[in-house]
Number of protein chains: 2
Amino acid sequence: MSIIWTEQGLDTLERMAPEGSGAQSVDRALTLLSLIGRHCEKGASLAAIVEGSGLNRPTARRLVLALIRSRLVEQDPVTRRYFLGEEAYVLGVLASRRFGFLDCALESLASLSKTSGDTSFASIRRGDYSVCLHREEGAFPIRTHALDPGHRHPLGVGAGAMAMLAALDDAEIARILDTNQAILAEHYPAYTSEAFAQDIAFARSRGYALNPGRVLQNSWAIGMAVRYPDGHIAGALSVAAIDSRMGEARQAELARDLAAEVLKVETRLSGRFGAHPTTNGRPFKTARGDLPPQSHSTAPSTGGVEP
Amino acid sequence: MSIIWTEQGLDTLERMAPEGSGAQSVDRALTLLSLIGRHCEKGASLAAIVEGSGLNRPTARRLVLALIRSRLVEQDPVTRRYFLGEEAYVLGVLASRRFGFLDCALESLASLSKTSGDTSFASIRRGDYSVCLHREEGAFPIRTHALDPGHRHPLGVGAGAMAMLAALDDAEIARILDTNQAILAEHYPAYTSEAFAQDIAFARSRGYALNPGRVLQNSWAIGMAVRYPDGHIAGALSVAAIDSRMGEARQAELARDLAAEVLKVETRLSGRFGAHPTTNGRPFKTARGDLPPQSHSTAPSTGGVEP
DNA sequence: GAAAGATGTCCATAATCTGGACGGAGCAGG
DNA sequence: CCTGCTCCGTCCAGATTATGGACATCTTTC
C-alpha cells in the first residue's frame, strides 16, 4: 500500500563483502548491528533480524549474542526484543568529536520547526544511502511520519537525500544510482531516471532540493545540504509538510529559512572542526561505496590533511 | 612514573567471553572497537591495537578491516591511524534515544565549570568500569588532564566513578572490587581495600564522593551520581581541581552546586524517559558483569517494565 | 644511507562457524 | 484443559573459516 520501505531487507549483506577478505562473521554481525539500529524505536525482534539479514535463526542469534556481550546491543528481558545498548551510545559520544553534525544541527532544527510549524529532519549520508538522525516535530497538527530516526533511504530519495545527491558530481551520482538501481526499482517506483534528472536539475538551479510527494503522496519536503569547512558534505536539513503547505511561495519562504539555518550549522561546524587545520580534528573522506581492501600507496585521492 | 593507566591493556579479552559461546571473532573485533574508542582523540596505531588487545598483527588487522568495512572505524590514509567512523556516530545518535545521559548533562557541566572555574566531567558506568564521556574545561589556568573522554577506569577510581560505586549495594560493590582486583593492584596502588572502604563511607555520609588525589597527586575531585527516574544509575558528574582549591569549605560549596546540577540533570532525564511508564522509552538494566549466556526464564531480577 | 620500526600481506594448518532439526514458552480458540 | 500455532532458544556433525609465523614494503632515525 505505502511505497515506504521501512522493514528494509537483505540488501547490505550481499553487496558488502567486496570479496573474501576474512572476518566474515564480523561483517555479518555488524550488519545486524546496523539493522538493529534501524529499529531503534521499538526494538527488533529476532524474527525481524532473521528476515532482514537473510541469515538463519541460529546464526543470527549467535551473532546478536556477541553484540550483547559487547554491550552494543541489549535485549529486553520480557519483550525479547533487541535494542541498541549503552556501548553504542558511548562510542557515539566519542565519535561525535569528529562527526558532530547532529550536535550542530539540533538547534537549527528546533528553530526551523518552530518558525515553520512543520516537521524538520537532519540526515547524513552513509555510503549510497541517507540515514535520518533526528526528527523535530512542528506545531502544525497534520504531520507526516514518512521518516523516522534510523530510517534509511537510497541517496536521492527524499528532500534531504536529494540535496546531498545533487551536491555530488555527475560521475558519482551515476555510480550511486546505478548501485541502487535494483532497490529503487523495487521499492521506489516513483523515482525513475527522469524523476532523478528533474529533481537534480531543480535542486541545482534553485539551491534547494524538492521532494514533490515522491515517497508518500501529499507529503512534500525541501532540503539543503550542509558542508564541513573543507567542502565535503556533512549532511542535510529538510522540512516536510503536506502539499497544500508547499506552494511556490511557501517553498521560497521555507528555503530562505533553511538557507539561514544551514549557514548557522556550517558556522558551528566550522568553529568545531575548522580550527584545527593541521591536526586530525575532522573526519577525512573514506573510500566510497566499495573499499578495495586497502592499497597502501593508492590513496592520494583526498588526503587526510591539507591540500 | 604516573599512576595513570591510559594505554590500558589486555584486560577485557580474557575475561569477556564467558565460555565457548561462539562468534569469537566478533568478540575480538568489538573489543578492538572499544579499544579504538579509547584512543578517539589521537587515533590508535595498529601497534597500539595489537599491544592493547593481545592479538597479533595479522589478526588485528583483519578484524579492524572488518570494522572499516562497516564504517564503524576509519583509517587516516596518511597517518595510518584508526579512528571511530561515521557509523559509530550514527549508532550513537540512535542509541541516545534510550541513553541520553550526556545530552541531559552537557548544560550542567557548562554551568559547573563556569561557576567553579574548574574542570567538570560526565562519566557513565559500563560494566565494572567507568567511562568518561565529556570533559568541560573551566577558566582556572591550572587544569588537571587526568581524565580524557574515552578513558576508562575501574568503578570507584576517581570521584565520579566512586560516586557510582558507592551508590550500589554492598554485595555488588564487593563483586566489582573483586573482579577488578588484579587491575587495581597493578595500576592503581593507591586504591587499597581500606581506601575504598573509607571513600565509600565518606561518599555515603556526605552525599558526595571525594577523590583526594588518589589517581594523580594534587588532583582532587568530588563527584555525585545521577539516576534515571526508576532509580538506577545513569552516570555521574564530577568536578576536579588542584588540592589547594579543594579545602573543606570549597568542597561544601562545590558539592552544593553539584547537587543542584545533578537534580537538574535528573529532571531532564525524567522529562525524557519518565514520561513513558509502560512503553520502552528508557533503558532496562542488563545482566551485569558476566552474562550467563542467556537463561530464558531466570531474569526476574529487574524486569524491563514497571514493578 | 643503512638500520630500526611499523604497516600490510600470504598461506598451510587447525580451529571455528554453519544450519537443519529439536525442545519449550506463550497465546488463541474450542 | 488440550490443540495448534508462532516465535524463541539450543545442539551437534560437517564444512568452511580464521590463525599466526614468515615475508615484503614503506617511513623514520641516527
Side-chain angles (χ1 to χ4, degrees), chain A residues 13 17-32 36 39 42-69 73 75-82 287 291-300 304-305, chain B residues 13 17-32 36 39 42-69 73-83 287 291-300 304-305:
Chain A
L13 264 181
E19 221 152 296
S21 7
Q24 315 199 357
S25 9
V26 181
D27 287 332
R28 281 189 273 262
L30 297 179
T31 305
L32 296 194
I36 291 172
H39 294 249
K42 303 182 172 182
S45 67
L46 184 54
I49 293 176
V50 169
E51 156 85 18
S53 68
L55 300 169
N56 57 10
R57 229 190 331 285
T59 302
R61 177 112 227 293
R62 252 178 300 115
L63 296 177
V64 172
L65 277 179
L67 295 174
I68 291 178
R69 258 177 265 138
V73 165
Q75 181 174 31
D76 186 317
V78 24
T79 320
R80 314 262 93 194
R81 293 178 92 86
Y82 302 92
L291 221 279
Q294 239 55 24
S295 43
H296 214 269
S297 39
T298 53
V305 211
Chain B
L13 265 183
E19 221 152 295
S21 8
Q24 314 198 1
S25 10
V26 181
D27 288 331
R28 282 189 272 260
L30 297 179
T31 305
L32 296 194
I36 291 172
H39 293 249
K42 302 182 173 182
S45 66
L46 184 54
I49 294 176
V50 168
E51 156 86 19
S53 67
L55 300 168
N56 56 12
R57 227 187 338 285
T59 301
R61 178 114 223 300
R62 251 178 303 114
L63 296 177
V64 172
L65 278 179
L67 295 174
I68 290 178
R69 256 176 268 138
V73 166
E74 287 180 2
Q75 181 174 29
D76 186 318
V78 26
T79 320
R80 313 264 94 194
R81 295 178 91 87
Y82 300 93
F83 294 83
L291 222 280
Q294 243 54 26
S295 43
H296 215 266
S297 38
T298 53
V305 210

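Letters go in sequence order (proteins before strands), and every chain restarts at 1.
For D/dA18, the OP1/OP2 oxygens have no side-chain nitrogen or oxygen of B/S25 closer than 4.0 Å. Contact annotation: A/R57 does not reach the phosphate of D/dG9 (side-chain N/O to OP1 or OP2, under 4.0 Å). For B/Y82 and C/dA6, the shortest distance from a side-chain N or O to OP1 or OP2 is not below 4.0 Å. In this model, the phosphate group of D/dG9 is approached by a side-chain N or O of A/Q75 to a distance below 4.0 Å at OP1 or OP2.
Here the nucleotide nearest the side chain of B/L46, chosen from C/dT7, D/dT19, C/dT16, is C/dT7. Of the candidates C/dT16, C/dT7, D/dT19, the closest approach to any side-chain atom of B/S45 belongs to C/dT7.
For the pair B/R80/B/L46, no side-chain contact is recorded, criterion being any heavy-atom separation below 4.5 Å from C-beta on.
Across the protein-nucleic acid pair, B/R62 atom CZ and C/dC17 atom P stand 13 Å apart, rounded to whole Å. When the P atom of D/dT16 is taken as reference, atom CG of A/L55 falls 17 Å away, rounded to whole Å. The distance from atom CG of A/N56 to atom P of D/dG9 is 15 Å, rounded to the nearest whole Å. Summarising the geometry, the separation between CZ on A/R80 and P on C/dA25 is reported as 12 Å, rounded to the nearest angstrom. Taking atom CG of residue B/D27 and atom C1' of nucleotide C/dA15, one finds them 16 Å apart after rounding to whole Å. As rounded to whole Å, 11 Å separates atom P of D/dC7 from atom CD of A/E51.
With hydrogens and angles disregarded, a donor-acceptor distance shorter than 3.5 Å links the side chain of A/R81 to the backbone of A/K42.
Judged by closest nucleotide on DNA chain D, A/P58 is the one of A/P58 and B/P58 placed further toward the 5' end.
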